Each structure stands twice: as C-alpha cells, then as structure tokens.
Number of protein chains: 2
Amino acid sequence: MEQATAGKALDDIVSAERSRGGGDHARSAHGDAWGALTRTHAAIVQRLQEMLSAADFPPLPWYEVLATVAEAPQEQMRMGDLAEALVITRGGLTKLVDRLVKAGLLERTFCETDRRVSYATLTPGGRDLLAEMRPAVIAELEVAFSANLSVAQANELRQTLDSVRGSACAS
Amino acid sequence: MEQATAGKALDDIVSAERSRGGGDHARSAHGDAWGALTRTHAAIVQRLQEMLSAADFPPLPWYEVLATVAEAPQEQMRMGDLAEALVITRGGLTKLVDRLVKAGLLERTFCETDRRVSYATLTPGGRDLLAEMRPAVIAELEVAFSANLSVAQANELRQTLDSVRGSACAS
DNA sequence: CAAAAACAGTTGTAGTTACAACTATTGCTT
DNA sequence: AAGCAATAGTTGTAACTACAACTGTTTTTG
C-alpha cells in the first residue's frame with residue numbers, strides 16, 4: 001500500500017509551536033475542532049478503504065451508495081435525493097450509479113407520474129453484496145471507535161456533529 | 001452552483017425507518033457516529049469550497065497545504081511528513097505541490113545531509129495569500145461551529161475526535 | 001393555452017486523485 | 001568495501017469528480 005499511514009507528526013509540531021507561545025497565528029478552538037474533524041475523517045476513510053481493497057470489495061463510495069439506497073423505502077431512491085444524502089454532485093452520481101448498474105448492483109427504474117425522475121433501485125445482487133460488506137465495515141468502525149469511545153460518548157458525538165451540520169446546512 | 005446543498009432528507013428517512021422499527025438492519029451507535037461524521041465533514045467542506053470559489057480564492061486543498069506548512073518550523077516541511085499530515089498519498093502531494101510551486105506559493109528546497117529529502121517551503125507570496133485566506137476560512141468555520149457549539153464543547157469534540165484517530169491510526 | 005421558468009437528470013470536458021512502477025540516495029550486513 | 005534492503009520522492013496511467021452546458025419534462029404565468 002502506498003497510502004500514508006497516519007498523522008501524528010503534525011500534532012507534535014503544532015502543540016510544540018503552541019506551547020512555546022511562538023506563532024502570531026493563534027488558532028481558535030473551533031479551528032482546532034475542524035482540524036481534528038478532517039484528520040479523523042481522513043484517517044478512518046483510509047482505514048476503511050485499505051480494509052475493503054484487501055478483502056477484494058468494491059471501493060467505499062459504492063458501499064455508501066448501497067447502504068443509503070438500502071435504507072430507503074422499497075430499496076429505491078430518487079437520483080437527486082441520493083446525491084443530496086451522499087453530499088456529492090448530481091453529475092457525479094449519474095456516473096457512479098452507471099458503474100453500479102454495470103456491475104449489476106443497482107438498476108434504474110422510472111416514475112410513472114413524473115417522467116423526469118428516475119430511481120436508483122437495489123438489485124438482489126446489490127442486496128447480497130451489501131450484506132457481505134456491512135459486517136466488515138461495521139467491524140472496522142468498531143475497532144476505530146469502540147476502543148476509545150463508550151456507546152454513550154458515541155451518541156453524544158453523533159448529536160454534536162448533527163447539530164453542527166444543522167447550522168452548516170442553513171443555506 | 002451545482003453543488004448539492006445539504007442533507008436532511010436522508011435523516012428523515014433513516015429516523016422514520018428506525019422509529020417504525022422496520023429494518024432488519026439495525027445500526028450501531030458507532031455506525032451512526034460515523035455517518036454523522038462523514039456527512040458533517042462533507043457539508044462543511046462543501047460550505048468552505050463554495051465560499052472560497054465565490055471569493056476567487058484557490059481551492060481548499062491549497063489552503064490546507066499552506067496552513068500546514070506555515071505551522072511547521074521555518075515554514076518548511078518534508079514532503080513525506082506533509083503528505084502524512086494531510087492524509088493524502090505522496091504521489092498526490094507531489095503534483096499538488098507542483099501546482100503550488102507553479103503558482104509561486106511554495107518552493108522546493110533540499111536537504112544538505114540527506115539528498116533524498118526535499119522540503120516544501122513557503123514563499124512570501126504563499127505567506128501573504130495564507131494571511132488573506134485564513135480570516136475567511138476561520139469566519140466560515142465560526143458560523144458553522146459557533147452557532148451550535150460553545151468553546152468548551154468544541155474542545156471536547158476535538159478531544160474525542162483525536163482519541164478516535166489515535167486508535168484508528170494504530171497501524 | 002402558449003411561452004417562459006423551473007426542475008430532474010445526463011453528458012462532455014478538464015482537473016484531481018490514487019495506485020503502481022520507477023529513479024536516486026542512504027543504511028545495513030557480512 | 002560490495003551487495004542488498006529500506007527510504008524519499010517522482011512519474012505514468014487509469015479512474016474518479018466537479019463544473020458547465022445540454023435534453024427532456026413539468027409547472028407557472030400572462
């Protein structure tokens with residue numbers, strides 16, 4: 001693997017910098033929280049991708065699509081809603097779904113009453129693959145989170161993040 | 001802007017699904033925390049990118065490089081350490097730094113004692129641009145975080161995330 | 001009801017990224 | 001000291017993504 005394997009060096013540098021009271025660019029608590037958020041997110045994504053490729057599973061975005069569609073009523077979702085849920089562009093989603101359709105994991109279905117909309121619908125193959133992948137992903141997340149976080153702390157974390165997102169999305 | 005603007009629809013679906021006790025695929029607290037983490041991260045990244053492009057600033061990865069290098073001693077950093085801090089591949093960093101060098105924001109310097117290593121070093125132009133961008137980024141983060149989070153909560157959030165990353169990086 | 005505006009999704013293109021193979025330098029082994 | 005392994009960084013290629021322009025459908029409006 002060519003993936004960079006972690007990020008502790010920067011923290012040392014930053015905290016050293018801060019403790020010697022040096023920089024004229026003191027950072028805010030919120031900025032620090034943002035830094036921790038990005039780095040933690042990237043580290044976990046990296047860990048998941050590493051695990052998936054080692055297990056010969058499709059990449060993480062595929063899993064996210066399958067997991068999201070599977071949770072929707074009737075295992076189908078409008079393209080626009082799916083793009084919004086995954087926080088990617090609609091153009092990008094079109095091509096991502098194309099690949100999943102070609103792999104037989106999704107199929108496109110259409111709306112009778114509004115012929116503009118199309119749905120991404122889970123196929124049996126997609127459902128099966130998701131059932132295979134989910135335990136592996138959950139397990140990986142468990143070791144990442146559960147080692148240092150109780151369930152209560154995890155819930156608190158989720159709540160905090162959701163509230164932040166709520167205000168971040170106040171478009 | 002073609003960016004998807006938020007993600008509340010999915011939450012509704014998920015919570016509806018959960019409250020009617022329907023799915024045979026109950027999710028764990030840690031899985032929920034992960035979902036909140038990804039979505040919040042993506043939403044804030046989106047918000048920042050939108051702001052930067054509206055203000056005719058370079059994209060977010062450029063800012064992250066500049067900000068990271070600026071915090072290092074002597075405003076310079078080894079390529080490998082920089083890649084690790086940004087949690088991207090070294091190959092990707094090479095080309096990213098290429099672009100920043102071409103824009104006059106960084107320059108490559110070399111190590112006397114070990115001729116393998118090269119440093120990314122901040123130029124005056126890079127320092128100036130960072131000084132322009134930083135307030136804008138900080139302000140954007142303030143509105144995203146500060147609306148729903150006290151400083152104490154932000155610190156707690158940072159601490160929680162750091163501890164998660166600590167175990168996630170136990171390679 | 002016809003024209004215009006809004007909406008849902010796709011396509012074309014360019015920029016960015018990751019992955020793997022490669023070069024060059026240093027450290028280790030005997 | 002010669003040879004082998006490990007390290008630092010770059011490069012080539014393929015895949016992915018965003019952005020903008022486009023087609024087709026529905027809704028609004030004059």
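Letters A, B, ... mirror the listed sequences (proteins, then strands); counts begin at 1. For clarity, every value in this text was computed on a predicted model and none was experimentally measured.
Closest approach to the B:M79 side chain among C:dT25, D:dG9, D:dT17 is made by D:dG9 (side chain taken as heavy atoms from C-beta onward). When distances run from any side-chain atom of B:D114 to the nucleotides C:dT25, D:dT10, D:dT26, the shortest one goes to C:dT25.
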Can you pull every protein N or O that's under 3.5 Å from an N or O on nucleotides 3-5 of chain C?
none

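Atoms CD (A:Q49) and C1' (C:dT17) sit 11 Å apart, rounded to a whole Å. As rounded to whole Å, 16 Å separates atom C1' of D:dC19 from atom CG of B:L52. Rounded to whole angstrom, the span from the CG atom of B:L86 across to the C1' atom of C:dT16 amounts to 15 Å. Taking atom CD1 on B:I88 and atom P on C:dT17, their separation rounds to 7 Å, with Å as the unit. The distance between atom CD of B:E64 and atom C1' of C:dT16, rounded to the nearest whole Å, is 14 Å.
Of the two residues contacting DNA chain C, namely A:S53 and A:V117, the nearest-nucleotide position lying further toward the 5' end is that of A:V117. Nearest-nucleotide assignment on DNA chain D puts the 5′-proximal partner with A:P59, out of A:P59 and A:E112.
Rounded to the nearest 0.5 Å, atoms NE2 (B:H41) and CD1 (A:I44) are 11.0 Å apart.
Panel note: side chain B:T123, backbone B:E107; no donor-acceptor pair is recorded below 3.5 Å.
Listed pair A:R116 / C:dT10 fails the phosphate criterion, with no side-chain N or O lying under 4.0 Å from OP1 or OP2. For the pair A:R78 and C:dA8, the criterion of a side-chain N or O lying under 4.0 Å from OP1 or OP2 is met.
Considering only heavy atoms from C-beta on, B:V143 comes within 4.5 Å of B:R47 through its side chain.
Using a 4.0 Å cut-off between charged side-chain N and carboxylate O, A:D98 and A:K102 make no salt bridge.
For residues 93-102 of chain A, proximity to DNA chain C is found at A:T94, A:K95, defined as any non-hydrogen atom under 4.0 angstrom from a strand atom.
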